[in-house]
Amino acid sequence: MKVGIDLGTTYSAVARYDRNTNKPMILPNSFGKEITPSVICFLDDGDILVGEDAKDMQSNGTGVNAAAFKRNMGDGSIAVSFNGKDYTSEDLSAMLLQHLIADAEKATGEKITEAVITVPAYFNDFQRTATIRAGEACGVKVPKIINEPTAAAISYGYKHASDKTVMVYDLGGGTFDVTIVRISKGNIEVIGTEGNHILGGKDWDAAIVKYVCDQFIDEFDVDPRDDLPTKNELIVAAEGYKKTLSIAESVTIPLNYDGYSAKYTLTRAEFESMTEHLLCATKDVCSDLIDSLNMSWTDIDEILLVGGSTRMPSVARFLKDLTGRDVVAHGDTDLAVAKGAAITAELYCSTATGLRAVQIADVTAHSLGVLSVSQDGSKFVNEIMIKRNSKVPSTVRRQFTVKKGNVTDKIEVFTLQGESRMPLDCNVLAKVVISGFYNRGQGVIIDIEYNYDENGVVNITAYQDGEPLSVVAEPVPDDIRWMGGSPKDRPSDETILKNIAICVDLSRSMEGDPIEAAKESIRDFVHTLASKDTKFALIGFGDKIKVVQELTSDSQAILGSIDDLKVKMVGRGTDASPLDTARLMLSSAAGIGIIVVLTDGIWGKRDAAVEQAMGCRSDNITIIAVGLGEADTSFLRQIATVDAGALFTTIDRLGDTFGTIATAISSGNMGLRTQE
Ligand code: AMP
């Protein structure tokens, strides 16, 4: 059986599509009720109650209660700790879903295999994937999640065939969503959505609690909220008084605490006046959405009220006065979302169905961007790839270049969700590491593709010259404060293995001072860079090639081999290029490859050497060429693979030159930069 589940902040509901009547129908819980409180109660004896039973316990303050946990969905925080076990909101949602599914199965005698679950439109990627995981933890497939206002619009639009633009005003228990949809021949196109996820019916309840407690404090100088059970009781009771005020002009509220008793009368007019700011807050959200879509209120044909809190008479009146538009209540306020999900479940999950086709086009509630470096290189920025309120599924591919001179074989990409240019104001959704690209020495150019799928979940792929690259997800580091600073201050959070092949010209002209200066400079260079993550090899070249030392991280071994370097050990001329030998050695080693070539003359076979240098580039090996004395400057520039990678120096300054290279290698970090 396929069902739609409205996993609400305060109440949840399950519906299925009835193929006999061709209508969605609600599946009652084991108490025969259409909606189930989204509450879980952990009892001292170890029992865990869910739904109606848990709500009863909430009001009498027994056990540890978890309610409104949907507000923390996907943030990984511990919502409840009980009997030594920690529960996240995702765990609690899975327990609630399990309960809802069990009740629905009991009601129908059928097994539930698939469920379309609803989420607030503004839910981000974490919250959406956490919702999918919570469903799957119950052993059901979750082929689709759908935005709550879209679900409400589906259950409404499905019944109303006429064409119109509707604003779905969804004020629930803990959240507020506004969504503009165009209903045309029964098809539903979402144009835009906006929300405030901390505004809902609970705030109206809190206003009542505050009203009575303030008076109690005035009268008796004690605050009933100081006692947790009394406070909980008051919160639950306040919801009841609020509902009464939706039908009665006033309500009497008794309050007993600390030996004092009082009775307060609250009129509907007073209640509406003390909560008007909350309605104004919803208005601001609606106006923001209309403005951001370049629409005006006259473009809206009607406002559809959904969500339990729209039962308060003030809501419809406020909206009518504000906009002059028709305000209609969804006949099924509490059930519209579940029914829309059931229709969607039938559409997405079934093969044979009596349901006429309804096209549903939804939008993204957030912009999606990539952590990038500003044009002037001074700070990290959120480079938006997919703008909010884009149609989903939505795909954007954009070219990025990693600047020439940055030494690495991996590119880290951080995905940000949010509207701000400042990375730390956004959610850092994911980190992926891209590898497998080639580097021709001009910097790496790759295409990164972002895709919002139909569930509003984000997928990332990368390409070079149209060929897919390896994209591996890694956890987002705990400390991301560096994103608020300058790229040059970013601490390195990973170890990069480095393999450095030092190639020394041993032709006749190096005899005497040059080779001695070279040995001393190379010793200092090794001392500076020596670490367990760095390996060195030493290659001499002249007419022949000699590997004096294979790659090793044993600094004593490499220092010893430097002593062994002797002019003429490889012949007297300069016909041999060491680059192929070094390339072979480096390309089979894990980590990045760097060749440092020191020469003082003009090589016999320059074309062959340039070709070998090209081979090194294609293997992402960096070549730094150091020219001493008579060295051929244009040739060395040709074989160097990095910016300013050909350095020309004198015997006296050779130590400084190797020092500069050591600094460049040890600080070699990578920054993404958008293509200019
Ligand atoms: P929902 O999340 O859509 O299920 O809405 C739940 C919220 O609607 C809770 O805050 C309820 O207190 C509120 N609610 C339900 N019925 C009424 C009513 N008759 N008057 C005022 N608020 C209501």
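Basis for what follows: all heavy atoms, side chains included, without hydrogens, waters or symmetry-related copies. Counting convention: from 1, in listed order, for ligands and their atoms alike.
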Trainee: Check R325 with E302, please: is the shortest side-chain N to carboxylate O separation under 4.0 Å?
Mentor: no

Trainee: How are the rings of F42 and Y87 set to each other: parallel, tilted or perpendicular (split at 30° and 60°)?
Mentor: tilted

Trainee: Pairs of nitrogen or oxygen atoms, one from ligand 1 and one from the protein, closer than 3.5 Å: please tabulate them with distances.
Mentor:
residue  : atom   : partner : partner atom : Å
ligand 1 : 2 (O)  : T10     : OG1          : 3.4
ligand 1 : 2 (O)  : G173    : N            : 2.9
ligand 1 : 3 (O)  : G308    : N            : 2.9
ligand 1 : 5 (O)  : G173    : N            : 3.4
ligand 1 : 5 (O)  : G308    : N            : 3.2
ligand 1 : 8 (O)  : S309    : N            : 3.1
ligand 1 : 8 (O)  : S309    : OG           : 3.4
ligand 1 : 10 (O) : K242    : NZ           : 3.1
ligand 1 : 12 (O) : E239    : OE2          : 2.7
ligand 1 : 12 (O) : K242    : NZ           : 2.7
ligand 1 : 14 (N) : G308    : O            : 3.4
ligand 1 : 16 (N) : R311    : NH1          : 3.1
ligand 1 : 20 (N) : S246    : OG           : 2.7

Trainee: Taking the six-membered ring for Trp, are Y241 and F271 closer than 6.0 Å centroid to centroid?
Mentor: no

Trainee: Tell me yes or no: between the side chains of T282 and Y169, is some donor less than 3.5 Å from an acceptor?
Mentor: yes

Trainee: Tell me, please, which residues at least two apart from S93 pass side-chain contact (heavy atoms from CB on, under 4.5 Å).
Mentor: L7, F69, M73, A134

Trainee: Would you kindly say whether N147 and D362 are connected by a side-chain donor-acceptor distance under 3.5 Å?
Mentor: yes

